[in-house]
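One structure is given below, encoded as structure tokens.
Numbered from 1 within each chain, the chains take letters A, B, ... in sequence-line order. Heavy-atom basis, side chains included; hydrogens, waters and symmetry copies ignored. Predicted, not measured: the structure shown is a model, and the values here were computed from it.
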Number of protein chains: 2
Amino acid sequence: MQDLFTSFSLQVNNRVYIKNPESSALGRKIVESSINLIDNVGFEAFTFRKLGLEIHSNEASIYRYFESKYKLLLYLTSWYWSWMEYRIAFGLANIPSPEERLEKAIKLLTENIELDGSFEHINEYKLNKIVIAESSKSYMTKEVDQNNKEGFFSGYKQLVGRVSNIILEINPTYKYPHMMISTLIEGAHHQRFFAQHLPRLTDAVNGEDAIIEFSKDATFKAINAVRPIK
Amino acid sequence: MQDLFTSFSLQVNNRVYIKNPESSALGRKIVESSINLIDNVGFEAFTFRKLGLEIHSNEASIYRYFESKYKLLLYLTSWYWSWMEYRIAFGLANIPSPEERLEKAIKLLTENIELDGSFEHINEYKLNKIVIAESSKSYMTKEVDQNNKEGFFSGYKQLVGRVSNIILEINPTYKYPHMMISTLIEGAHHQRFFAQHLPRLTDAVNGEDAIIEFSKDATFKAINAVRPIK
DNA sequence: CATTTATGATAGTATTGCTATTATATTTGC
DNA sequence: GCAAATATAATAGCAATACTATCATAAATG
């Protein structure tokens with residue numbers, strides 16, 4: 001339990017912020033409103049000046065929490081992956097069959113996220129939209145190696161590692177577990193975006209969430225495993 | 001193939017540029033140097049002012065070809081997808097077996113691109129790196145629907161459609177051909193980036209190009225088809 | 001109640017993403 | 001071969017962005 005608690009607290013690498021936004025009302029307001037604002041105007045048009053106006057606070061004050069809007073995006077995505085790992089850890093608890101655990105993990109990773117309400121200042125529904133549309137901008141940068149050294153992506157890597165291990169439990173000889181899981185996560189995000197904006201790049205199927213079904217089907221076949229029967 | 005390419009230029013939607021850069025020496029220089037500069041400094045740090053300095057020309061002159069650096073990126077990615085479709089069209093010519101055609105298409109879509117030299121002013125090797133690292137920034141924007149209406153992504157959609165059709169030839173009942181192909185293309189790009197920068201998100205296998213192998217293996221299994229024997 | 005600490009208000013700087021203007025080449029059409 | 005059209009270069013300028021600095025004031029803490 002101790003082990004569990006330490007790996008699954010929603011801790012975000014403390015180097016992505018200057019001052020922990022969880023530590024004050026202003027900090028939480030910054031996080032809460034940044035999610036709304038990025039969701040509304042997109043990451044490129046998002047600025048700390050606009051955010052300051054929005055929360056009736058001050059640009060300079062926001063800079064005391066985050067060095068730049070990129071660091072704030074890193075904070076949001078890190079928080080998201082922490083949250084996702086927590087969801088998966090609890091969602092899979094007490095399920096003995098690895099096939100069932102894998103199936104559930106895929107569902108949790110690829111499903112549409114709804115507003116959860118567990119966290120006062122974080123709207124998971126909007127955060128998921130941001131992760132889908134903007135998170136690649138947090139690592140597809142010239143600073144990726146530097147950022148990686150500082151551990152900014154460790155939450156994501158840990159999550160991929162955890163789910164990959166379920167694959168290896170089912171089929172220890174499968175050669176590409178990490179590729180499979182990271183492709184599945186990024187792929188599902190892309191497909192949700194395409195379904196909204198570029199539908200010719202995806203396939204809609206009546207009466208099912210095609211993205212979840214596609215992900216489960218492709219994964220189980222790739223690792224030569226049989227999907228649990230409903 | 002080399003000779004063939006020199007006899008025609010690839011078609012790019014004429015709304016992404018103001019003046020066709022193929023139509024003048026300056027235009028070609030803009031395209032050629034923008035590829036070098038974006039590859040060097042990344043898309044965020046890339047500006048028309050810097051590009052002007054680089055080619056000993058003028059910021060204002062570049063604006064006569066491209067409305068903004070986003071449009072230039074759209075031009076580069078559109079060109080890339082056009083080029084990829086030609087590669088595939090010629091690469092699959094006269095292969096009767098759809099399984100063999102699919103396998104070859106997957107290879108062409110997911111392999112590492114090397115400098116080809118067919119086009120004077122375009123370095124395909126660097127352009128591929130740009131498409132991997134920056135192309136999502138061309139559609140993950142608030143303007144995506146507007147841009148899509150103007151046909152800026154039609155080359156990409158056409159390419160996905162073409163390869164999806166091979167899947168349907170092999171297995172007409174497979175429900176997710178477009179999802180499969182767009183996931184495979186984006187996925188392979190991500191995996192190449194991860195292999196370089198975030199290796200814990202991928203899997204290296206000695207003696208093979210793991211990304212091509214993973215893509216082929218997963219695709220053929222997903223559509224319940226048998227891979228051609230070497 | 002004194003003092004540290006957090007926030008607010010304002011100003012300032014370098015860079016970006018353009019547009020406008022005017023001058024000078026270069027191409028072309030007759 | 002020359003005038004007229006067109007393309008490019010040089011320079012300037014402007015509003016917005018991405019910060020940093022300074023100083024004043026409010027709130028929390030000891």
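- For the pair A:F66 CZ and D:dT20 P, the interatomic distance rounds to 15 Å; values are reported in whole Å.
- Side-chain atoms of B:Q11 and B:S82 include no donor-acceptor pair closer than 3.5 Å.
- Between the side chain of A:E67 and the base of D:dC19, no donor-acceptor pair under 3.5 Å is found.
- Here the P atom of nucleotide D:dC19 and the CD1 atom of A:I18 are 10 Å apart, to the nearest Å.
- Ring geometry, A:W79 versus A:W83: the interplanar angle falls under 30°, so the pair is classed parallel (tilted spans 30 to 60°).
- In summary, the aromatic rings of A:F193 and A:H189 are positioned with their centroids too far apart to meet the 6.0 Å limit.
- A straight line from CG of B:L51 to P of C:dG17 spans 12 Å, rounded to a whole angstrom.
- Distance, B:L72 CG to C:dC18 C1': 15 Å, rounded to whole Å.
- A salt bridge does not link A:K137 to B:E44: none of the charged side-chain nitrogens sits closer than 4.0 Å to a carboxylate oxygen.
- Using cut-offs of 30° and 60° for the angle between ring planes, the A:Y63 and A:F48 rings count as perpendicular.
- The pair A:R192-A:D209 counts as a salt bridge, with a side-chain nitrogen and a carboxylate oxygen less than 4.0 angstrom apart.
- For A:T183 (side chain) and A:M180 (main-chain N/O), no donor-acceptor pair under 3.5 Å exists by modelled atom type.
- When atom types are taken as modelled, the side chain of A:S154 and the backbone of A:G151 share a donor-acceptor pair closer than 3.5 angstrom.
- By the neighbour-count criterion of 12 heavy atoms within 6.0 Å, atom NZ of B:K126 is densely surrounded, having more than that number from other residues, nucleotides or ligands.
- When the P atom of C:dT10 is taken as reference, atom CD of A:E59 falls 14 Å away, rounded to whole Å.
- The nearest whole Å value for the distance from the NZ atom in A:K69 to the C1' atom in D:dT20 is 18 Å.
- The pair A:E85-A:R162 meets the salt-bridge criterion, with a side-chain N (NZ, NE, NH1 or NH2) lying under 4.0 Å from an Asp/Glu carboxylate O.
- Residue A:L53 contributes atom CG, which lies 13 Å from atom C1' of C:dA9 at whole-angstrom precision.
- Look at OH on A:Y70: it is 10 Å from C1' on D:dA18, rounded to the nearest Å.
- Annotation: the terminal axes of the helix from C:dC1-D:dG30 to C:dC30-D:dG1 meet at 20°, where each axis is the rotation carrying the C1' atoms of four end pairs onto the next four (5 pairs per end, rounded to 10°).
- Sorted by residue number, the members of residues 36-50 of chain B with any non-hydrogen atom under 4.0 Å from DNA chain D read B:R49.
- Only one option out of A:Y156, A:Y75, A:F152, A:Y86 pairs with A:W81 in a ring pair (Phe, Tyr, Trp, His ring centres under 6.0 Å); it is A:Y156.
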Please list each protein N or O that sits under 3.5 Å from an N or O in nucleotides 7-10 of chain D, with the distance.
residue	atom	partner	partner atom	Å
D:dT8	OP1	B:Y65	OH	3.1
D:dT8	OP2	B:K19	NZ	3.4
D:dT8	OP2	B:Y65	OH	3.0
D:dA9	OP2	B:S57	OG	2.4
D:dA9	OP2	B:S61	OG	3.4
D:dA9	N6	B:R64	NH2	3.4
D:dA10	N7	B:N58	ND2	3.1

